[in-house]
There are 2 protein chains.
Amino acid sequence: MKKSERVKKTTAKAGIRQENEKIILKAAESVFAEYGFRGATTSMIAEQANIPKANLHYYFPTKEALYRQVVDNIFNIWLQAADSFDDCDDPVEALSRYIEKKMDISRDNPMGSKVWANEIIQRAPVIQDYLETTLKDWTESRAVIIRRWIAQGKINPVDPQYLLYMIWSTTQHYADFNHQIETLNGGTPLSDAQYRVAKDNVIEIILTGIGAVQRRRSNLLQDNSPKDQQEKGDKA
Amino acid sequence: MKKSERVKKTTAKAGIRQENEKIILKAAESVFAEYGFRGATTSMIAEQANIPKANLHYYFPTKEALYRQVVDNIFNIWLQAADSFDDCDDPVEALSRYIEKKMDISRDNPMGSKVWANEIIQRAPVIQDYLETTLKDWTESRAVIIRRWIAQGKINPVDPQYLLYMIWSTTQHYADFNHQIETLNGGTPLSDAQYRVAKDNVIEIILTGIGAVQRRRSNLLQDNSPKDQQEKGDKA
DNA sequence: TTATTTCCTGACCATTTGGTCAAGTTACGC
DNA sequence: GCGTAACTTGACCAAATGGTCAGGAAATAA
């Protein structure tokens with residue numbers, strides 16, 4: 001139908017492959033996010049990318065190859081977030097930064113999070129390997145840091161593994177269940193201000209919950225002043 | 001797995017329908033959970049239920065009708081959990097009970113939770129109506145209770161909506177991401193003892209996080225009985 | 001017994017699916 | 001210009017899919 005609105009070709013032939021792969025990957029991400037690997041069809045993806053299906057198969061020979069590439073990209077984003085949880089002496093700083101980063105990712109890349117969720121629900125046919133190696137190692141290394149904080153009396157004795165699950169689930173919920181949140185918000189997406197409040201609530205409750213802070217000054221209820229956009233002026 | 005071990009027929013003809021519908025629904029739940037509506041096939045479900053596909057269609061004329069029934073059952077379980085969050089003066093009691101109930105459901109009915117997750121990710125084609133009515137009303141009524149607790153100084157000022165999201169996500173994570181948790185647990189499911197610890201951690205961190213308790217006595221670390229994760233020393 | 005209703009299922013069908021292919025078109029190096 | 005490599009795509013195919021159907025088996029009613 002609408003066929004020639006295919007997006008500009010930057011500098012002619014050079015870069016066409018790169019450009020088109022990007023378009024296809026983006027379309028694939030959103031279709032895989034919504035329907036999972038089995039439920040997604042290459043026609044849907046092609047349509048979303050606004051190219052003929054045969055063209056899609058020119059760039060990605062099989063549905064599985066395309067899916068793998070999508071999942072790979074997502075894992076890289078995950079790694080990026082993981083880096084922000086550094087080996088820092090201050091749990092408030094390290095955890096605030098990590099949670100904030102994860103919340104940002106949920107907002108900026110909700111489709112990726114959904115693809116990940118689908119992968120796990122389907123028992124990780126593609127990323128099982130990552131889970132057993134990279135993710136497991138990372139988790140254990142963070143557990144060491146958390147246990148050190150506990151030993152130093154900086155936070156309450158909590159089981160690191162369950163604390164991490166809480167952080168993952170809470171932050172990713174804003175991507176994966178975004179539709180439900182939107183519905184409960186009257187059918188409109190969370191505004192920037194609301195998202196800021198959500199973030200603050202999450203950080204505050206978790207940090208307070210593990211005894212990293214006693215009780216913070218800020219009122220976590222949404223203030224009704226229209227002005228609310230200053231940077232992360234709230235921290236430790 | 002064989003073929004004719006189809007389960008006993010209780011009392012012959014009477015109740016056959018009921019019996020078979022139950023078997024089919026259970027099979028359908030697990031297949032829909034793993035692959036979503038589109039990704040699931042009626043053959044897979046029939047196979048899982050150990051009946052010919054044509055027989056499945058005798059009881060449930062279409063895939064969609066079957067799916068609707070599955071989703072309906074899940075929503076009823078959700079309602080059951082919702083009831084346990086009653087209008088109680090004590091936030092510690094009300095929230096402990098609710099979180100515990102949700103954790104129990106995640107353990108006893110992980111497939112249901114996954115079907116729900118898939119539904120939301122797919123933008124609730126079937127349950128949108130519930131979200132806008134039952135779920136929304138319930139959420140708002142609980143928000144009132146939470147705000148009252150805040151006004152009474154029983155908990156810190158937090159935004160009720162985000163607190164609820166945290167409870168939902170954290171508890172449901174144990175069902176939806178059960179495979180990831182299992183992998184990180186060395187490939188074995190959480191034991192009863194571990195699950196107990198997980199529950200306690202969740203309850204404790206959230207209740208402490210909102211200031212409902214100051215700091216509780218229990219040590220949330222798993223008692224160090226020799227049986228801990230140390231099977232495969234894979235590493236890099 | 002026979003009649004009637006319910007249940008069971010192999011064979012079948014139209015549509016959708018992932019993927020191919022051959023005949024093009026476009027861009028770049030020469 | 002011309003050749004070649006990269007890109008594009010309508011038409012096509014075999015397999016899988018949701019669903020049907022006719023005929024048979026089993027249970028109950030008469």
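Just so we're on the same page: letters track the sequence lines, and every chain starts at 1.
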Next item on the list: Would you kindly compare B:Gln18 and B:Ala54 by the position of their nearest DNA chain C nucleotide and give the one closer to the 5′ end?
Entry: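 Closer to the 5' end of DNA chain C: B:Gln18.
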
Check: Are A:Arg107 and A:Asp192 close enough, and set up right, to give a salt bridge (charged side-chain N to carboxylate O under 4.0 Å, His left out), and what steps lead you there?
Finding: CA-CA 10 Å; A:Arg107 182 139 234 228; A:Asp192 288 347; 2.7 Å; yes

Spacing between [X] atom [atom1] and [N] atom [atom2], to the nearest angstrom:
X: A:Tyr35; N: C:dT16; atom1: OH; atom2: C1'; answer: 15 Å
X: A:Glu64; N: C:dG19; atom1: CD; atom2: P; answer: 9 Å
X: B:Tyr67; N: D:dG19; atom1: OH; atom2: P; answer: 15 Å
X: A:Lys63; N: C:dT16; atom1: NZ; atom2: P; answer: 16 Å
X: A:Glu19; N: C:dA27; atom1: CD; atom2: C1'; answer: 16 Å
X: A:Leu56; N: C:dG19; atom1: CG; atom2: P; answer: 10 Å
X: B:Phe60; N: C:dC8; atom1: CZ; atom2: P; answer: 13 Å
X: A:Asn20; N: C:dT26; atom1: CG; atom2: C1'; answer: 13 Å

Of the candidate nucleotides [options], which contains the atom at the shortest distance from the side chain of [X]?
X: B:His57; options: D:dT9, D:dG18, C:dG10; answer: D:dG18
X: B:Thr41; options: C:dC7, C:dG18, D:dT17; answer: D:dT17
X: B:Ser43; options: D:dG18, D:dT9, C:dC8; answer: D:dG18
X: A:Asn55; options: C:dC7, D:dT9, D:dG18; answer: D:dT9

Next item on the list: Mind running ring-ring contact (aromatic ring centres under 6.0 Å, His included) on A:Tyr162 and A:Trp168 for me, showing each step along the way?
Entry: CA-CA 10 Å; A:Tyr162 305 125; A:Trp168 293 345; over 10 Å; no

Check: Do B:Phe85 and B:Arg97 come within less than 4.5 Å of each other through their side chains, counting heavy atoms only?
Finding: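 Of all side-chain heavy-atom pairs linking B:Arg97 with B:Phe85, none is under 4.5 Å.
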
Check: Do B:Ile23 and B:Lys26 come within less than 4.5 Å of each other through their side chains, counting heavy atoms only?
Finding: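 No. Closest side-chain heavy atoms not under 4.5 Å.
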
With a 4.0 Å cutoff (strictly under), does any side-chain N or O of [X] reach OP1 or OP2 of [N]?
X: A:Arg17; N: D:dC7; result: yes
X: B:Tyr59; N: C:dC8; result: yes
X: B:Arg38; N: C:dT17; result: yes

Next item on the list: Note the angle between the end axes of the helix from C:dT1-D:dA30 to C:dC30-D:dG1, five pairs defining each, rounded to 10 degrees.
Entry: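 End-to-end axis angle for the helix from C:dT1-D:dA30 to C:dC30-D:dG1: 0°, rounded to 10°.
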
Notebook entry, point to check: So, A:Asp72 and A:Arg68, do they make that salt bridge, N to O below 4.0 Å?
Noted result: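 No, A:Asp72 and A:Arg68 are not salt-bridged.
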
Next item on the list: Under the salt bridge (Lys or Arg N to Asp or Glu O under 4.0 Å) rule, collect the residues that match up with A:Lys199, sequence neighbours excluded.
Entry: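 Scan of A:Lys199 (salt bridge (Lys or Arg N to Asp or Glu O under 4.0 Å), adjacent residues dropped) gives A:Glu100, A:Asp104.
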
Next item on the list: If the plane angle is over 60° it's perpendicular, under 30° parallel, otherwise tilted; pick one for A:Phe32 and A:Tyr67.
Entry: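 Perpendicular.
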
Notebook entry, point to check: What orientation do B:His173 and A:Tyr165 show, parallel under 30°, tilted 30 to 60°, or perpendicular over 60°?
Noted result: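 Rings of B:His173 and A:Tyr165: tilted, as their planes differ by 30° to 60°.
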
Margin query: By nearest heavy atom, map A:Tyr58 and A:Lys53 onto DNA chain D; which one lands nearer the 5' end?
Written below: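 Nearer the 5' end of the strand: A:Tyr58.
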
Margin query: Considering every strand and a 4.0 Å limit on heavy-atom distances, what is the contact class for B:Ala40: base, sugar-phosphate, or nothing?
Written below: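 Result for B:Ala40 = sugar-phosphate.
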
